[in-house]
Amino acid sequence: MPHPCLSCGACCAHYRVSLHWSEAEPDLGGGVPRELTVPLRSHEFAMRGTEGGGHPRCIALDADIGRHSRCSIHPMRPQACRDVAASWESGEPSPQCDRARAAHGLAPLAPADWIWREAAANDRDGNPDDSDNPNDRGTPPPALPPPIAA
C-alpha cells in the first residue's frame, strides 16, 4: 500500500495555497517556480488555481482526486504545503485533511491507513519488495562470498 496522499490530492484541490513572496525568489533561496504563482497581497503569493473562487485546484497538482495524486513540484513545494499534516500520519487526526477529504467525498484517514509503514520499516531488508504488500517479508541481502586466501 503506498502513502495515502498518493491516492488523494484533496487538500491541493480544496484550500488556497498561500506563500511568502520570498519562497518564489531564487535569489533568496526560494524554490517555488514563480510562473506557478500569482500575487495575492504585497508580501504574499498564491499558487495559481488556488487564489480565489469556489473550486480551488493547485496548478502543480497532477491528480484524479481520490484515485491518484502527485505534486509536480514536490521537492520545491511551498512551506504551507509542507505543513499540511495527513490525518494519523503522526499519530493524531488532522481536521484540515479530514475537511478536504470530506469535500471530495472521501472518508477520513484512519490509523489503519498507516500500518503498512510500520511493516515496511521493520522489513528484514528495510526495503519492501515492489509488491506494495505490507507483509512482503522483504528479500534478505545476498550472502557475502567467502574470503579469498592470499
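Keep in mind that what you see is a predicted model, and the values were worked out from it rather than measured.
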Any donor-acceptor N/O pair, E51 side chain to G49 backbone, under 3.5 Å
yes
Might you point out which heavy atoms bring S42 and W21 nearest each other, and give the distance in Å?
O-CD1, 4.3 Å
Positive for side-chain contact (heavy atoms from CB on, under 4.5 Å) with L109, one of C5, C8, P4
P4
To the nearest 0.5 Å, atom OG of S72 lies from atom NE2 of H74 at 11.0 Å
Please say whether more than 12 non-hydrogen atoms of neighbouring residues, nucleotides or ligands are located less than 6.0 Å from CZ in R67.
no
Side-chain heavy atoms nearer than 4.5 Å, only ILVMFWY residues, links allowed to pass through others: does that put Y15 and L61 together?
no
Between S22 and E25 (side chain of the first, backbone of the second, donor and acceptor by atom type, cut-off under 3.5 Å), is there such a pair?
no
Transitively linked via ILVMFWY side-chain contacts under 4.5 Å: W114 with V84?
no
Do V32 and V38 share a hydrophobic cluster, counting only Ile, Leu, Val, Met, Phe, Trp and Tyr and linking them when any side-chain heavy atoms are less than 4.5 Å apart?
no
With a 4.5 Å cut-off on side-chain heavy atoms, are L36 and M47 touching?
yes
Say whether, by atom type as modelled, one donor and one acceptor occur between the side chain of R82 and the main chain of Q79 under 3.5 angstrom.
no
I'd like to know if the side chain of R48 reaches the main chain of E35, judged simply by a donor and an acceptor atom lying under 3.5 Å from each other, with no hydrogens or angles considered.
yes
Between R16 and P56, is there a side-chain heavy-atom distance shorter than 4.5 Å?
no
Closest contact, heavy atoms only, S94 versus A85:
OG-O, 2.8 Å
Backbone N or O of S7 within a donor-acceptor pair of the S69 side chain at under 3.5 Å?
no
For P26 and A24, work out which heavy atoms get closest and say how close.
CD-O, 3.4 Å
Pairing donors with acceptors under 3.5 angstrom, does anything connect the side chains of H3 and E89?
yes
Do L40 and L28 sit in the same hydrophobic cluster, where Ile, Leu, Val, Met, Phe, Trp and Tyr count as joined when their side-chain heavy atoms come under 4.5 Å apart?
no
Is it the case that the side chain of D113 and the backbone of A110 share a donor-acceptor pair, with hydrogens and angles ignored and the cut-off at 3.5 Å?
yes
Mind checking what makes side chain to side chain donor-acceptor pair (under 3.5 Å) contact with H55, not counting sequence neighbours?
none
Contact between T37 and V17 at the side-chain level, heavy atoms closer than 4.5 Å - yes or no?
no
Contacts of R99 meeting side chain to side chain donor-acceptor pair (under 3.5 Å) (sequence neighbours excluded), chain-then-number -> none
Roughly how far apart are H14 NE2 and C58 SG, rounded to 0.5 Å?
14.5 Å
With no hydrogens and no angle check, do the side chains of S87 and D98 hold a donor and an acceptor under 3.5 Å apart?
yes
Quick check: does any side chain N or O of E44 sit under 3.5 Å from a backbone N or O of P39, one acting as donor and the other as acceptor?
no
With sequence neighbours left out, write down each residue that passes side chain to side chain donor-acceptor pair (under 3.5 Å) with H104, or none if nothing qualifies.
none
With heavy-atom distances below 4.5 Å as the criterion, would you say the side chains of H20 and F45 are in contact?
no
Please report the interatomic distance NE2(H43) to CG(L19), rounded to the nearest 0.5 Å.
10.5 Å
Can I59 be reached from M76 by stepping across I, L, V, M, F, W or Y side chains whose heavy atoms are under 4.5 Å apart?
yes
